[in-house]
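Keep in mind it's a predicted model, so treat the numbers as computed, not measured. Atom set for the values below is all heavy atoms of this structure, side chains included, hydrogens, waters and symmetry mates excluded. Per chain, numbering begins at 1; letters A, B, ... match sequence-line order.
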Amino acid sequence: MTDARDPLYSLRHSAAHLMAQAVTELYPGTKLAIGPPIEEGFYYDFEFPKSITAEDLPQIEARMQEISKRDLTIERLTRSRQEATALYSKSNQPYKLELIEAIPDGDPISFYEQGDWFDLCRGPHVNRTGQIRHFKLLSIAGAYWRGDERNRMLTRIYGTVWPTQAELDDYLNRLEEAKKRDHRVLGRELELFLFTPEVGSGLPLWLPKGAVLRETLEQFLKMEQQRRGYMPVVTPHIASSRLYAKSGHLSTFNNKMFPMMNDEEAHETFILKPMNCPHHIQIYASQTRSYRDLPFRLAEFGTVYRYEQSGELNGMLRVRGFTQDDAHLFVTPDQLQDEFKAVVDLMVTVLRKLNLQEYRLRIGVRDPEDDKYIGSDENWSAAETAIKQAVADLKMDYSISKGDAAFYGPKLDLMVRDALGREWQMGTVQVDYNLPERFELEYIGEDGKPHRPLMIHRAPFGSLERIIGLLIEHYAGAFPTWLAPIQVRVIPIADRHQSAASEIARQLRDAGYRSEVDVRNEKTGYKIRQAEVAKIPYMLVIGDRDIAAGTVSVRHRGEGDLGAVPIHQFMERLAADCN
RNA sequence: GCCGACGUGGCUCAGUGGUAGAGCAGCUCACUCGUAAUGAGCAGGUCCCCGGUUCGAAUCCGGGCGUCGGCUCCA
C-alpha cells in the first residue's frame, strides 16, 4: 500500500502505531523498527527483550482496544536532527537512529505522538486513537531488519484493520474462504498430488486424477500451439555443464541449481537443467537456417529443476522440480513485434479458456544496481523497447517492476486475479538478444549473408504445477467439466442396476468422457453425497424407472436433480459443457 | 538458508513419565434402497527419525528430517 492519500492508509498506519504503543507498554525495553501499512492491514517489526509467541497476541490486542478507548489525540511534531537523535539515544532505539540517519538533510523529521508514546513517522495518521476500532492481530513471524538476510532477525506482528466491523468480518471471512480453498488441502482431498519426504521436498508426485488434469491442460495448449505453427521437441533433463557454461547459467544461476553430477571416467560434469532454452538453442543451431525458416517455434513441456531455498517451498506454487509449458521462438528483428503480439494473443486465449478474466501485465526490467545480468546495455534497452511498444500497440495497460527481469532479458509477466481477488503470477514472455549472441546463432537473410536472430521465451501457464495450484484455488476444486478428472459418476440405486450403469459409463468413455460407476452397496443418498464432496460435475442415477424408460437421471454438482433424459441428450449437454 | 510454531492410524484430532484412544475414511456382513451420511462387526499405529536422561519416554533433554507462518510493501 503506497498511496498516502487513501484514508485506509492512515487508518492502517495508525493501527501499526497503536500496536507498537501496546507492545511498548506491555514489554518495556522493546526496540522498535518499522511499521508500515500493507495491502490488507499492517505490521510492525520489533526486537523483544524476550521472545513472544502467538499466544501473546490476544493480550496485545486487548491492550490495543484499551488504548483505543483512551481516545488519545494523535499529534504531529517536528524535531531537529539533533533533538531526534538525542531522543532515541536516550530511549535506546538503534533502529530508529538508523532511520534518522537515512533521512536526507533538509527533510523535516516528524514524529507522531499519542499520550506519552511517540514514533518517528512521516504520516499521515488519523486524529485520535478512538478512530481505530475494528482490528485483529493475525500472525507473528520473523523478518530481517531491512529485508536483508545478513541483518538481525526481528519479530514481526501482522494485523488487519478496517473502517467498520462489517468490513473486518468480511475480510476475516475471506481469509476463512481462502483457507478452505488451499490447494495443498484440496490436492490431498481430491487425490491430485502428493509429496513424500522420501522423494524430497518440493518434488511433487502426480496422482492419477492430478495427472488427468495436467494432461487435459497440455492437450488444450498443444492444440492451440499446433494451430499457431509451433513444432514440438523433446529434450533430456540433464546436460553437460559445458552447455550451461556457454549460456551463462553456470555463473549467474548457480545458486539455484542442484549440485552437479560428476562423471569422473568421462571427465564430464552434468547438470540437472534449470531451464530449457539452451537445449532448444542446440536444435536451432544444428542446421543452417534461412530467413524462410523463421519464425522458428520450438515447444516443449519441459521439466526443469531449481534448488529453491527450503523455506520458500510452498505446495505446488513453489517447487523444486516443475514442468514449464515452454517454447522458444527464433525470429528476425522484423518479425519480433508480430510474434510478440501473437504470443500475447495466445495468452489471452488461454486465460479465457480458464475463465480467468481479470489480469494485468507487468514488465520486469533490470535493476541497475544488480550485476546478475548478461549482455550489453544496447541489447537490454532494445528488448525493453520492443516489449513496451508491442504492449502499447495492443492497447494494454502495464506496470513496470524493477529487478523482475530474467538474467538474459526483460520480461512481460501475466498477473492474474482469481475468484477471491487474489493476484498470482502466471505466464511470462521474454525478449532475448543475449543468448543468440552467446551461442552465435545465425540465419541466412535475403541478402545471402548471415544475420543474428532474436529469441522469444514464453510460457502461457508458467508451469503446470503453478497453474494447477492456481486453478484449484480459483475453482475451489470444483473444476469445469472439460477439466474435471472424473466428469461423470454413474450411481446405480440397487445391485440389479449395476450392469445397466456400467453400460452407460462405458458408452460415455467410448465417446471420450471420463466416467466411472459407484458399485458399492450403499444408499443412493450416500453415494450422491460422496460424489458431491468429490466435486464431480455430473451424477447419473440409474434405477428401475430409467431402465424402463431408457433414460438417465441427471444431477449436477451444486445444481441438484435435473430430471431424466435419454443418454444422447445428456451427451449433448456434456459436449456443450466441454467445448 | 534464517526466525518462530508444529509433527500421534489414510484424514481431523484427544492423550504431559506407568501396557496408545475417538470420529471420519477403509474392509466384512446384513439391508436392495430414487437425489448430500443405513446398521453391526473387523482391521489399522517403530506416537517423524537418531541419540540421551529414567526402573520406565508419545510425554523430559540434544541433534536431524519434514510441514506451516513469514523474511517483497521500507519513518
Quick one: on RNA chain B, does A:Q309 or A:S553 contact a more 5' nucleotide (nearest heavy atom)? A:Q309

Going by distance alone, is a donor N or O of one side chain under 3.5 Å from an acceptor N or O of the other, for A:E167 and A:Y171? no

Phosphate-side-chain proximity, A:S310 and B:G1, N/O vs OP1/OP2 below 4.0 Å: yes

d(CD, A:E198; P, B:C48) in whole Å: 14 Å

Phosphate oxygens OP1/OP2 of B:U35: is one of them under 4.0 Å from a side-chain N or O of A:T524? no

Reckon A:I493 touches a base, only the sugar-phosphate, or nothing at all at heavy-atom distances under 4.0 Å? base

Distance below 4.0 Å between A:R184 side-chain N/O and B:C68 OP1 or OP2: yes

Please report the distance separating the C1' of B:G17 from the corresponding atom of B:U59, rounded so that it comes out in whole Å. 6 Å

Quick one: is A:R529 getting a side-chain N or O under 4.0 Å of the B:A37 phosphate, OP1 or OP2? no

With a cut-off of less than 4.0 Å, is there a side-chain N or O of A:R520 near OP1 or OP2 of B:G26? yes

Rounding to an integer number of angstrom, what distance separates B:A22 and B:C60 when you compare their C1' atoms? 27 Å

Closest-nucleotide ordering on RNA chain B, the 5'-leading residue of A:P197 and A:E532: A:E532

With a 4.0 Å cut-off on heavy atoms, is A:G147 in touch with a base, just the backbone sugar-phosphate, or nothing at all? sugar-phosphate

Determine: side-chain N/O of A:Y9 to OP1/OP2 of B:A75, distance under 4.0 Å, yes or no. no

Would you mind classifying the nucleic acid contact of A:N314 as base, sugar-phosphate or nothing, using non-hydrogen atoms under 4.0 angstrom? nothing

B:C71, OP1 or OP2 - any side-chain N/O from A:R146 closer than 4.0 Å? no

So what does A:G543 hit on the nucleic acid, given a heavy-atom distance under 4.0 Å: a base, only sugar-phosphate, or nothing? base

